[in-house]
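Written out below as structure tokens is the structure these notes cover.
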Amino acid sequence: MSISEELPVADYDVLVIGGGPGGYVAAIRAAQLGLKVACAEKRTTLGGTCLNVGCIPSKALLHASELYAEAAGGALSKFGISFKGVELDLGTMMKEKAKAVRELTDGIAFLFRKNRVTWLKGAAAFEGPNAVRIGDETVTADHIVIATGSEPTFPPGLAPDGEVVVTSTEALDFPEVPRRLLVVGGGYIGLEMGSVWKRLGADVTVVEYMPSIVPAMDADIATEFAKILKKQGLDLRTGTKVAEIAREGGRARVTLEPAAGGPADTVEVDRVLLAVGRRPNTDGLALEKAGLVTNARGQIEVDGQFRTAVPHIRAIGDVIPGPMLAHKAMDEGHAVAEWIAGRVGHVNPAVIPAVVYTMPEAASVGLTEAEARAAGHELRIGTFPFLANSRAKTNRDTAGFVKIIADAATDRVLGVHILGSMAGTMIAQAAQAMEFGASSEDIALTCHAHPTHSEAMKEAAIAVRGPALHI
Ligand code: FAD
Ligand code: NAD
């Protein structure tokens, strides 16, 4: 008997479980590299959390609500543009958001067809290390990639009811503007969705357990960010915890307490958004049948090639350790396909940008000042305010600054943090510089177009070693 008769041929070279940014990129790239690929996805559309109920619908509402706030709030009158009778048609805003989501999720289905990736529709569960059941069908694959993403997590004792107490999914689809919204968690979702509903007319209170909002971000950014958001009317209650949420008819009475203990306070609101983080999702996967376990945080541990304890099964995206960000998942999807195809995949966990898409945006890459000091670096730090940047001044959007943190001895850039209207776009330059191992001098000596917000990056780099020019 020949070897080919002895060994059954698997249905696919690669089976990807989950069609989010990690999974769909892995599937497309593996197919581009000549492998026979299937992707199991239980949603009725591809694109995962990000395209369906995450990055895309939230950015659609952030953009639309910003336009509304500018028109309705009179912010444009200083440019000689004034509006009479500005009205919010929330239904139309939501329809436009849904259209953006549909176009993008349909786009992934198109890319699957174009690259001959088979979409297996349904929830996948392991039957063995190489066998996975999807609906009524069991398929086998030589390589399996787990890309099942994440789900919202909740504070102890507090759970959503899907109506008054909700997660980001419902907060992307409120049928009317709540009069009063309480957001639990001053992180990405809390500040983005809090901003959306504030701009559309809600009174918004954000309750954050830690002493500052976005506690993982650089402290200087977080402090200035909080000041600006407060000026926009967000009621930020840091160092505060939610002790109880009592539903009263269609509303909620929420008991708040100082995190350090002290007298309680109650607020009555129409909606409560729980936004205190997400947990890796391995629900229903029957990992044990593949010989896999999760760590104490529910994540699947992997090595540098995204291999789990069972080497032909790999995992990427929100379900493994690291920041839960779509671009990190996508880069891992690309890299994992390269490794499976016998090539070298590259993701640098030290250079993953992060952006909060409020106005202004807050963006960062690399180490915060506190992290860099804790790692034993002597630092040189350069900052430059948008108040002194010609383009920001021209556009009348001068909030925020750029902060570049460099190692004092080598001048290597260790971290870049930006608060500003263009921060999310500008951070790409910093990520690229860091990926190339740039010094602050490299950035300072790079010619930046004038007049652009990016000149603030050059000026902050100059400020690392001496005085900036335009201040
Ligand atoms: P997911 O996108 O969660 O995809 C996993 C997929 O697997 C899902 O479609 C799920 O249905 C499917 N699945 C799970 N189990 C099974 C199974 N057993 N069988 C079949 N299919 C299964 N990140 C950013 O970088 N930028 C942003 O602006 C941003 N905004 C966000 C806004 C919100 C409101 C939220 C909630 C998240 C946001 N994120 C953002 C985070 C981003 O969405 C995630 O980091 C990203 O989607 C993770 O990709 P993933 O492929 O690992 O998982
Ligand atoms: P998050 O981790 O960004 O923020 C959660 C916040 O809640 C933290 O500041 C935390 O200190 C606070 N918190 C925790 N428990 C609390 C409690 N009991 N009471 C009050 N505050 C409490 O999580 P998120 O905002 O839910 O978003 C989940 C993940 O989704 C993010 O970590 C991020 O990875 C991703 N995301 C990214 C973007 C983006 O890239 N722009 C946008 C939305 C979501």
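Only a predicted model underlies this, so the values are computations on that prediction, with no experimental measurement involved. Counting starts at 1 for both ligands and their atoms, in listed order.
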Applied to residues 284-300, the side-chain hydrogen bond (donor to acceptor under 3.5 Å, both in side chains) test, sequence neighbours excluded, yields Asn295-Gln299, Asn295-Glu301
Decide yes or no for Val37 and Tyr12: does some side-chain heavy atom of the first lie under 4.5 Å from some side-chain heavy atom of the second? no
Under 4.0 Å from any heavy atom of Ala123, which atoms of ligand 1 are there? 19 (N), 20 (C)
Enumerated ligand 1 atoms positioned under 4.0 Å from heavy atoms of Gly122: 19 (N), 20 (C)
Taking non-hydrogen atoms only, is Ala125 closer than 4.0 angstrom to ligand 1 via side chain, backbone, both or neither? neither
Where the side chain of Thr49 meets the backbone of Gly54, is there a donor-acceptor pair that is under 3.5 Å apart? no
With heavy atoms under 4.0 Å as the rule, classify the contact between Val184 and ligand 2 as side chain, backbone, both or neither. side chain
Does a donor on one side chain and an acceptor on the other come within less than 3.5 Å for Asn52 and Thr105? no
Candidate with minimal heavy-atom separation from atom 37 (C) of ligand 1, of Gly54, Gly333, Gly18, Ala329: Gly54
Contacting atoms of ligand 1, where contact means under 4.0 angstrom from a heavy atom of Met324: 41 (C), 45 (O)
In ligand 2, the atoms that come under 4.0 Å of a heavy atom of Tyr357 are 41 (N)
Can you report which non-hydrogen protein atom sits closest to atom 5 (C) of ligand 2, along with the distance? Ala275 O, 3.5 Å
Taking distance alone, with N or O pairs closer than 3.5 Å, would you say Ile17 contacts ligand 1? no
Sub-4.0 Å atoms of ligand 1 with respect to non-hydrogen atoms of Ser150: 3 (O)
Using a 3.5 Å cut-off on N or O atoms only, is Glu208 in polar contact with ligand 2? yes
Nearest-0.5 Å distance, SG of residue Cys55 to CG of residue Leu325: 8.5 Å
Under-4.0 Å heavy-atom contact with ligand 1, by part of Ser58 that carries it: side chain
What is the nearest protein non-hydrogen atom to atom 18 (N) of ligand 2, stated with its residue, atom name and distance? Pro155 CB, 3.7 Å
Protein contact to atom 16 (C) of ligand 1 [nearest heavy atom, distance to 0.1 Å]: Thr148 CG2, 3.7 Å
Atom 2 (O) of ligand 2 sits nearest the protein heavy atom Gly277 CA, 4.2 Å
Just going by heavy-atom distances, which of Met210, Met193, Arg278, Arg237 is nearest to atom 30 (O) of ligand 2? Arg278
Nearest 0.5 Å, what's the CG-CG distance between Leu182 and Asp203? 11.5 Å
At a 4.0 Å threshold, what atoms of ligand 2 neighbour a non-hydrogen atom of Val355? 39 (C), 40 (O), 41 (N)
Nearest heavy atom to atom 1 (P) of ligand 2, choosing from Gly187, Ala243, Ala354, belongs to Gly187
Counting heavy atoms only, name the option from Ile213, Ile189, Val276, Val207 that's nearest to atom 16 (C) of ligand 2. Val276
To atom 34 (O) of ligand 2, the nearest of Glu192, Met324, Glu361, Lys328 on a heavy-atom basis is Met324
If you take the nearest heavy atom of each of Tyr188, Tyr209, Phe154, which one is closest to atom 36 (N) of ligand 2? Tyr188
Pick one: which of Arg251, Arg179, Arg180, Arg247 meets salt bridge (charged side-chain N to carboxylate O under 4.0 Å, His left out) with Glu268? Arg251
Among Glu41, Met193, Arg133, closest by heavy atom to atom 11 (O) of ligand 1 is Glu41
If you round to the nearest 0.5 Å, how far is CG of Leu61 from CG of Leu200? 7.5 Å
In plain terms, say whether Glu66 and Lys59 are close enough for a salt bridge, that is, a side-chain N and a carboxylate O under 4.0 Å apart. no
Min side-chain heavy-atom separation His453-Met426 under 4.5 Å: yes
Got an N/O contact under 3.5 Å between His327 and ligand 1? yes
If we only consider heavy atoms of Glu151, is any one of them less than 4.0 Å away from an atom in ligand 1? no
Taking 4.0 Å as the limit for heavy-atom contacts, which would you say applies to Val319 with ligand 1: side chain only, backbone only, both, or neither? neither
Looking at ligand 2, does Pro215 have a heavy atom less than 4.0 Å from it? yes
Which option out of Cys55, Gly47, Cys39, Pro21 puts a heavy atom nearest to atom 39 (N) of ligand 1? Cys55
How far is atom 7 (O) of ligand 2 from the closest protein heavy atom, and which atom is that? Gly185 CA, 3.3 Å
Protein contact of atom 52 (O) of ligand 1 - nearest heavy atom, named by residue and atom, plus distance: Asp318 N, 2.9 Å
Of the side chain and backbone of Tyr357, name the one, both, or neither that has a heavy atom under 4.0 Å from an atom of ligand 1. side chain
Please state whether Val53 comes within less than 4.0 angstrom of ligand 1, counting heavy atoms only. yes
Give the atom numbers and elements of ligand 1 that come within less than 4.0 Å of a heavy atom of Ser168. 34 (C), 36 (C)
If I take atom CZ from residue Phe401 and atom CZ from residue Phe386, how far apart are they, to the nearest 0.5 angstrom? 9.5 Å
Give the atoms of ligand 1, by number and element, whose distance to some non-hydrogen atom of Leu325 is under 4.0 Å. 23 (N), 25 (O), 45 (O)
What do you reckon, does Thr49 have a nitrogen or oxygen under 3.5 Å from a nitrogen or oxygen of ligand 1? yes
Would you mind listing every side-chain hydrogen bond (donor to acceptor under 3.5 Å, both in side chains) that reaches into residues 319-342, with sequence neighbours excluded? Arg29-His334, Arg29-Glu338, Lys328-Glu332, Glu338-Arg343
Under 4.0 Å between heavy atoms, the region of Asn52 that gets near ligand 1 turns out to be neither
Number the atoms of ligand 1 from 1 as they appear, then name those within less than 4.0 Å of a heavy atom of Gly22, with their elements. 51 (O)
Of all the atoms in ligand 1, which lie at a distance below 4.0 Å from a heavy atom belonging to Cys50? 2 (O), 43 (O), 47 (O)
Taking Leu67's backbone N and O only, do any of them form a donor-acceptor pair with Arg199's side chain (distance below 3.5 Å, no angle check)? no
What do we get for Lys59 next to ligand 1 when only non-hydrogen atoms under 4.0 Å count, side chain, backbone, both or neither? side chain
